[in-house]
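Worksheet: the structure to be examined is printed underneath.
In what follows, every chain begins at residue 1, and chains take the letters A, B, ... in the order their sequences are listed.
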There are 2 protein chains.
Amino acid sequence: MSIETDIKQKKFRSPFQKLALNLMYTTKWLEYKQLESFKEYDITPQQYNVLRILRGQQGNPIKVSDITERMLDKSSNTSRLVDKLLAKNLAKRSSCESDRRAVDVVITEEGLALLKVLDPFIEDWENRFNIISEEEAEQISALLDKLRENENQA
Amino acid sequence: MSIETDIKQKKFRSPFQKLALNLMYTTKWLEYKQLESFKEYDITPQQYNVLRILRGQQGNPIKVSDITERMLDKSSNTSRLVDKLLAKNLAKRSSCESDRRAVDVVITEEGLALLKVLDPFIEDWENRFNIISEEEAEQISALLDKLRENENQA
DNA sequence: ATACATTTAATGTAGAAACATCTATTAGTG
DNA sequence: CACTAATAGATGTTTCTACATTAAATGTAT
């Protein structure tokens, strides 16, 4: 459905306003779809994001602050997200030797197993994007990167 | 900055995964920017969304359920958002004559005045999109519409 | 008309986000 | 070295979100 129908707004100030609203609307929609898939596995999109980052370390420990840097949502409280993963035995935590302020986090076998179960969902989810070509996808990614560029402007 | 740098991920499974992450990351970034602008006026993006919808009615009352339909975030609790606007004298509420279950909501002069103050911020915010052409904006909007199409697929 | 289902909005509640604060540790400077 | 600043992560608090439930009004079917 078109964004016009979805939010019942016939006119937009400009194609840019329309795009801004569409970006927000579509992302909320995508997140909701993801939330739905994950629900039966008792994991939130944010927790999944952390797990995915942990797997990306391929066995190496990673500090909480470095997880935050890699998060999609920088303002999320990584400490508490890790707590949740710990409580479910999806991650392990140990104090870092070289810097005793820091905490090393590693994914557990159980965490890896859960990701393996979730992978097909994510792939399906990403396959929605197959309606465009790889080149188009790259192009739009480049445009989004550009949008975030002039930090000092707004 | 590129999404690779922003979330410190060098490789992506596909251009589609990259686009999916970029969409989520960019939207969170946009929302954060909006939140920052609104903060000094003591209004949240969600409350602003409702106010904008009320203004769009051009003086006509609108039911709570119809506001929800027009919201970017369908799962938000419109009842309580309207409460907040009421408490700040930005909206008025009166029971609907034709259906006594329903409640009519109207924006106040004070609400309109606040929107007038916020408009320039929103315009600046939307002007970020000027780095792409109107045609490109329409193109991306069309793609986002398409993404949401096969409801039954994922 | 009665009974049951649906709709509309409000409310209760658990959990999460946003933001500030606190403690421990490390880094930097005179 | 002593002192201050900076950093890492945990925690407290308030607000918001997500979800379920409730209450009243309306719609529908027999």
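Summarising the geometry, the separation between CZ on Arg93(B) and P on dA9(C) is reported as 11 Å, rounded to the nearest angstrom. The nearest whole Å value for the distance from the CZ atom in Arg101(B) to the C1' atom in dT8(C) is 6 Å. Separating the CG atom of Leu85(A) from the P atom of dA16(C) is a distance of 11 Å, rounded to the nearest angstrom. Rounded to an integer number of Å, the gap from Ile62(B) CD1 to dA9(C) P is 10 Å. For Asp42(B) and dT14(D), the CG to P distance is 16 Å, given to the nearest whole Å. Atom P of nucleotide dT17(D) and atom CG of Leu81(B) are separated by 6 Å, given to the nearest angstrom. The separation between Asp99(B) atom CG and dT7(C) atom C1' is 8 Å, rounded to whole Å. Rounded to a whole Å, the CG atom of Asp104(B) is 12 Å from the C1' atom of dT8(C).
The side chain of Val103(B) lies closest to dA9(C), out of dA24(D), dT26(C), dA9(C). Picking from dC16(D), dA10(C), dG12(D) the nucleotide with the shortest atom distance to the side chain of Lys84(B) gives dC16(D). The side chain of Arg100(A) has dT26(C) as its nearest neighbour among dT26(C), dT8(C), dG9(D). Distances from the side chain of Leu35(A) to the nucleotides dC19(D), dA10(C), dA6(D) place dC19(D) closest.
Taking only side-chain nitrogens and oxygens, Lys63(B) comes nearer than 4.0 Å to OP1 or OP2 of dT8(C). When the side-chain nitrogen and oxygen atoms of Ser65(A) are compared with OP1 and OP2 of dG9(D), one or more of them lie within a distance under 4.0 Å. Of the side-chain N and O atoms in Ser75(A), one or more sit less than 4.0 angstrom from OP1 or OP2 of dA18(C). Phosphate contact (OP1/OP2 of dC16(D), side-chain N/O of Arg80(B), threshold under 4.0 Å): absent. OP1 or OP2 of dA17(C) has at least one side-chain nitrogen or oxygen of Gln46(A) nearer than 4.0 Å.
In this structure, Tyr41(A) has its ring center under 6.0 Å from that of Phe121(A).
Between Leu118(A) and Leu51(A), the closest side-chain pair of non-hydrogen atoms is not below 4.5 Å.
The residue among Ala102(A) and Asp83(A) whose nearest nucleotide of DNA chain D lies closer to the 5′ end is Ala102(A). Along DNA chain D, the nucleotide closest to Asn77(A) and the one closest to Lys39(A) are compared, and the more 5′ of them pairs with Asn77(A).
Arg100(B) and Ser95(B) are not linked by any side-chain donor-acceptor pair at a separation below 3.5 angstrom, with hydrogens and angles left out of the test. There is no side-chain donor-acceptor pair under 3.5 Å between Thr68(B) and Ser65(B).
Leu72(A) and Leu144(B) fall within the same hydrophobic cluster, defined by Ile, Leu, Val, Met, Phe, Trp and Tyr side-chain heavy atoms under 4.5 Å apart, directly or through other members.
Within 4.0 Å (heavy atoms only), Thr78(B) reaches no atom of the nucleic acid at all. As judged by a 4.0 angstrom heavy-atom cut-off over every strand, Lys28(A) is placed among residues making no nucleic acid contact. The residue Ser79(B) sits close to a base: some heavy atom pair falls under 4.0 Å.
Residues Asp104(B) and Lys63(B) are not paired through a salt bridge, judged by the lack of any N-O separation under 4.0 Å between the basic side chain and the carboxylate.
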